[in-house]
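When a residue number appears, it is its place in the shown sequence, counting from 1. Quick note: numbers below take in every heavy atom, side chains included, and nothing from hydrogens, waters or symmetry partners.
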Amino acid sequence: MGYILAVFSVFSWIMIKDTNGLSVNIYPTPALVEVGDSLEFSSTITKTDNESWKSFEFFVNSGALAAPCGGMFKKFNTCFDAFGCPFGFNFNCNFTHFNLRINNVNASLLRWSIFARVTMESNEIIPSNTLQIPVKVPLQGVSLTPNGTTTTMEKTTQVFQCFAKSFPISSLRWKLNDSLLPTLSPPKSTIDTITSTFTYIADKDDNEKTLSCSAIYGSTLFTGNAVINVLYRPTIDVSPKHNPYNVLENTTNLQFICNVTGANPAVSSLRWNKDDTLVSANAIYDIPTIRRSHAGRYTCNATNSVGSSDPFSAVIQLYVLYGIEIDSIIKRKPTEGNDVSISCSGKSYPAITDKDVTWTKENNATFNMNGIRLLMKKIQKLDKGIYICSVVINLIPTVGEPLNVTGRTTVEVDVLYVPTVTISPNYTQYNVIENTTNLQFVCSVLDANPTVTSFIWYKNGSKINGFNGTNYTIPTVHRTNNGRYTCAATNSVGASMSLSTVNLSVLYGIEIDTITKEKPIEGTRLTVICSGQSYPAMTDGDVTWTKQNNVTFNLKGKRLVIDNTNRLDSGTYVCSVVIKLIPTTGQPISVAGRTTVEVDVIYVPTVTISPNYTQYKVIENTTNLQFVCSVIDANPTVTSYNWYKDGSKINDFHGNTYTIPTVHRTNNGRYTCDATNSVGASIPSSTVNLSVLYGIELYPISKQHPTEGSQYTITCGGQSYPVMTLNDAKWSKQNNNTFRAKGLQLVISHANRLDSGTYVCTVVIQLTPTVEQPVNVSGTTSVVVDVLYRPDVAVSPEKTNPFAVKENTTDIHLTCNVTSANPAVKSYTWYKDGVKVLEDNTYTIPTVSRSHTGSYTCDATNIVGSSDPSTIQLNVLYGVSLRLSDADVSINETESWELACIGDGNPLPELAFAYIYNSTTVGEQNSNVTSIKVENANCMDTGLYMCSGNNTIGEPVFLSANIKVFCTPRTYNNVNIQDIFINGTDATLNISTTFISYPLSNMVWYRELPSGNLTDLRSEFMRSTMQSHLPYETISILQKDQLEQDEFGIYLVQASNIHGSFLLRYRVISKRAPDSPTNITAKCDITSIRVTWISRFNGGENQTFRVNYVNNNSNKTTSKGGINDKGENEIINEDNESFTPDTLYSISLVAENVFGSTTSTEIANCKTKTNQEYDQHVSQAFIGGISGSISSLLIVVFVIGGLYLWRRRKGSDGDKEPIKSDSKETDEDEEGLKANPLYVTSGDASKEDVGPVYGVVKKQKHNRKNITCDENNDEGPVYSQVQKSNTHGKQKQKEKQAKKASKHEKCNDIELASNNGWSFHMMMT
């Protein structure tokens, strides 16, 4: 028996607990154990310097029983089994290492599990995770149900089930003959069984094929077979294979044949049907000679025990072609204006169509129409004639040549129509003078078919009785003969009216009507109409109006209209009429007429009133006041007078004089009069406004009780005329010599309790009558004012607001204290958060709860109102409670999800979400909610999220939610291929891969053959799958000891769940020597060489490089090795010194690792420089440096001297204007400094990310990029630059210098000085 050491774990390793320096570690699980082998689990305790544990014990769970199985007590200080094991397992230890050994492992242990626990001195028990005992159960066979020969009907469903038992579980594969079959649902598995179901739909093409299910376990394969017997109805076809099938009539020896192409079981009968009627019970049907009666639908039907063949699979539609037999067409007599349709019909097959028929007309070469039906819309008399129908059809058989056949027939068309008549004399308007004799109308026929049989005469649309001839005569014309005259002629088709109408108009002279006398009222409109009888009727142009004794009056028109009549319009008016009678035939005649009308205009009186004062002021008690009403004009004369006061009639006064015996204030008003005649009352006279003047009567004022803060007004009122004004009244206050106010109203805008007291109003006015001397009058009154105000209150306790109290505190008293009130307080009211809770001055809370938190307000009330509220904020402190928006969230990957934790507590708790598996804090808190919002869910979001809440009151509170993100399996980096490097044959292959998915993945391993086909792994390969501590991680391990040469290659692991699968390829490669480096270049100086190359594949182990330098003069080789690799395809530079000047070197590289070395095939050649070239560069650099320094110094001296002279000149000139530059702009900046024309700014010095900015020489045109080296000339351009420096500037400048040096090897960039952020550089050649 073999011996295997198993490490007790489900994950990579687990630390049970770390307490006082103590930890118990459990290591990775082993490969599966064969039945009969031995198995040992181990656990190790480390960090024993301060050990605080007292016992260690293993537990075994058989499913029915979990019992201790080996362990020890620390206090015994010796490793012996203190617990025993009821399962017969062996326990041993060496104090810090514990082992549990199982001898002779059997299959019954497959579902058993083992775990350990440590008991601390504090009696705290720390358990480990549980491990299933990894027993390997080999595959013994496979079961397929049903098996053998399975008979089924076509298109029916048969369910096959395949079952296999092993551990690890086998993989199942379905095949039909040699073709792999997909399954619609994944197999179902338990710990040691796998079951797959395949639903088969029977297809006749699968008949006699073999359906198989194979169970694969390593290199072991078991297969179950079932032979498919599919029953199906016959399938047939027919010949000839034409449908439809066209045959000419009288064709001979036509034959139809029915062929059976397939049937299971065999066919039992065959039959031919024509249009569902049996014509033959044989496979062949013969027709000796074709007749048109043979046309129809022929079908063949084959039958076996399953059923009959498809009736639509064997059909021949036979059509018999034959020629034309055209029908004759009778003569047509259509009525003009109707539609005529004539059809050309006959017998043939195919039937006659519109394209086969042509219509022509005798004696009309242009008439040609196509179509079976000859249609003539609204036929006319010209359409009369003989029409010819010609038919040509083409008979086209399916087999043979086409045949043309023709036919012809004619039809006569005779068009009938009503008569066409006209009337004479042909005048549309016929004017005749009254009393003309023998006026005659004639009705003439222009055309008719058939001939006319009678005539009818009409006047104004009504038939004239007794006149049926062609002539109609009027013996003597009278005005009653006016009207429209027409005639009609009739034949057998119908009657027709004459083409024209004669309108007879009888002309006669004037008969003018008399006009009665008119009496219009002045100001109204007068209308007089001059009318009479005549034809043509009088028009406005025929009528003229004149006025007797007024030669200037002349109006045209039948109406005499005078708008707004005036008394001057009275008189006699004359109407004169002249018209002309003009007959259609004969000379015109003029006729005339005349009449008169008398007009008498009447009007109301005109009056005036005296005394003539618009405003008439009289002092009260004046006597015998008199008003007089005088008439100026009237027609007819005045009959009575009326007097009015304020628009109301004064009764009992009808004379022209109105008298007031004694004037009283009640006589105030507006006085008018009017006069009346038979026309009406005059316009009222002008108005006299009588105003009665009287003295002051002031009203008493009651005691005032204004409310404090309100505006109140006291009015000093009374009776007088003229009415008291603001300037007439003055206010004073008793016992207050400073109070003065003016106006009828005393207004206090904001009453104050200090405004109480007695106020006095004094009024003086003057009475001024229209005719008399003015009189002064006066009066006084007083009023007492008492200001009322609402209470002032304050809440106690006053010192703490808000008032913080812990929940369950007892006997809290809040008191409402009144500081002042007028009148006294009547009641108190307490409010909590605006809601009334008590009517008393003290509010008591026996025991405080969180519901008492709020704003407590009290007020006091008197008859004025309630006081301003006084508020205290009660803040009840209490511990934390939590609530989750959702405790279980299930979503698909890329969907969004949200989780919120709502906390309650005072003070507001600090809330946080933590991902339990790594204690990472997620989400953010907003007020009393912390939330996680994920727009695109990731598989790695799966797991438990713990919400914690804490404040200063009570203990922290925790609540967890489970998030499940469904996703297809994948690796973390989503890479589907990886390389595994093995030292060589006999080495151990150990591949461990981790997939993320939810639900967790099922794992299957394959081997990819060189042909690209996949195969199962042999049993020597150990495969195990486990879940990590993360809920979305599945770990799959592939192990193989002593790997053989043919076992290198590609291995695949497929992870799958209900959402999909992921296939990962591992290329197992034997480690070897590195690949040769490439792209080798060399750059030589005088005594140094820089070598550059690109590294390649390291052969699976760390590699180093060795550079070989061969002196071509001495053939001596110098090497430098131990150069570290930077990674595959990376550029590596290596500098080396101490080489001979002016010497050619050949350079190669060697890449080395533990498996060997590889020498580069590339050789780089490089020649070192001479000492003379070096001396020349140094000299040029030195000379250029001195020249540049001198130039820079001269520029500085020039600038400083210029500034000095400018300042002296400015000081001596005093207030003189400064000299302006050519640009006409000031050359001073904001600080008064003169701008240097040699320098310009390089940028904004205020930008912190740029750093200090300095000037550059403006006149220098070339920059660093413009400078080139002239290798053939000792002299070159000298460039001086003052360069800005910042936190990044120096480094960037060095990088630029390095690039410059690489491009121009013979140029030297010498940094002369560096001080305070300034760098001076000289570029020289």
Between V599 and S570, is there a side-chain heavy-atom distance shorter than 4.5 Å?
no
Can a donor-acceptor pair be found between the side chains of T360 and N368 at a distance below 3.5 Å?
no
Tell me the salt bridge (charged side-chain N to carboxylate O under 4.0 Å, His left out) pairs involving residues 520-529, sequence neighbours left out?
E522-R567, R525-D563
Within this structure, what is the OG-CG distance for the pair S534 and L507, rounded to the nearest 0.5 Å?
10.0 Å
Would you call the rings of Y658 and F653 parallel, tilted or perpendicular, where under 30° means parallel and over 60° means perpendicular?
perpendicular
Kindly check if the number of other-residue, nucleotide or ligand heavy atoms within 6.0 Å of NZ (K556) is above 12?
yes
Could you walk me through whether R408 and S390 satisfy the side chain to side chain donor-acceptor pair (under 3.5 Å) test, starting with their C-alpha distance in whole Å, then the side-chain angles of each, then the deciding distance to 0.1 Å, before giving a yes or no?
CA-CA 5 Å; R408 183 177 183 276; S390 300; 4.6 Å; no
Take a 6.0 Å sphere around OH of Y508 and say whether it holds more than 12 heavy atoms from other residues, nucleotides or ligands.
yes
Less than 4.0 Å between a side-chain N and a carboxylate O, is that true for D414 and K384?
yes
Should the heavy atoms of other residues, nucleotides or ligands under 6.0 Å from CZ of R373 be counted, would the total exceed 12?
no
Are more than 12 heavy atoms from other residues, nucleotides or ligands located less than 6.0 Å from atom NZ of K381?
yes
I683 atom CD1: more than 12 heavy-atom contacts under 6.0 Å:
no
Ignoring hydrogens and geometry, is there a side-chain-to-backbone donor-acceptor pair from T501 to T486 under 3.5 Å?
no
In this structure, are over 12 heavy atoms from other groups packed under 6.0 Å from Q440 atom CD?
yes
Any donor-acceptor pair under 3.5 Å from T565 side chain to T524 backbone
yes
Using ring-ring contact (aromatic ring centres under 6.0 Å, His included) as the criterion, list what pairs up with F627, not counting sequence neighbours.
Y671
Among residues two or more places apart or on two chains, list those pairs meeting salt bridge (charged side-chain N to carboxylate O under 4.0 Å, His left out) that have a residue in residues 473-500.
E434-R479
Is the centre of the Y319 ring less than 6.0 Å from the centre of the Y349 ring?
yes
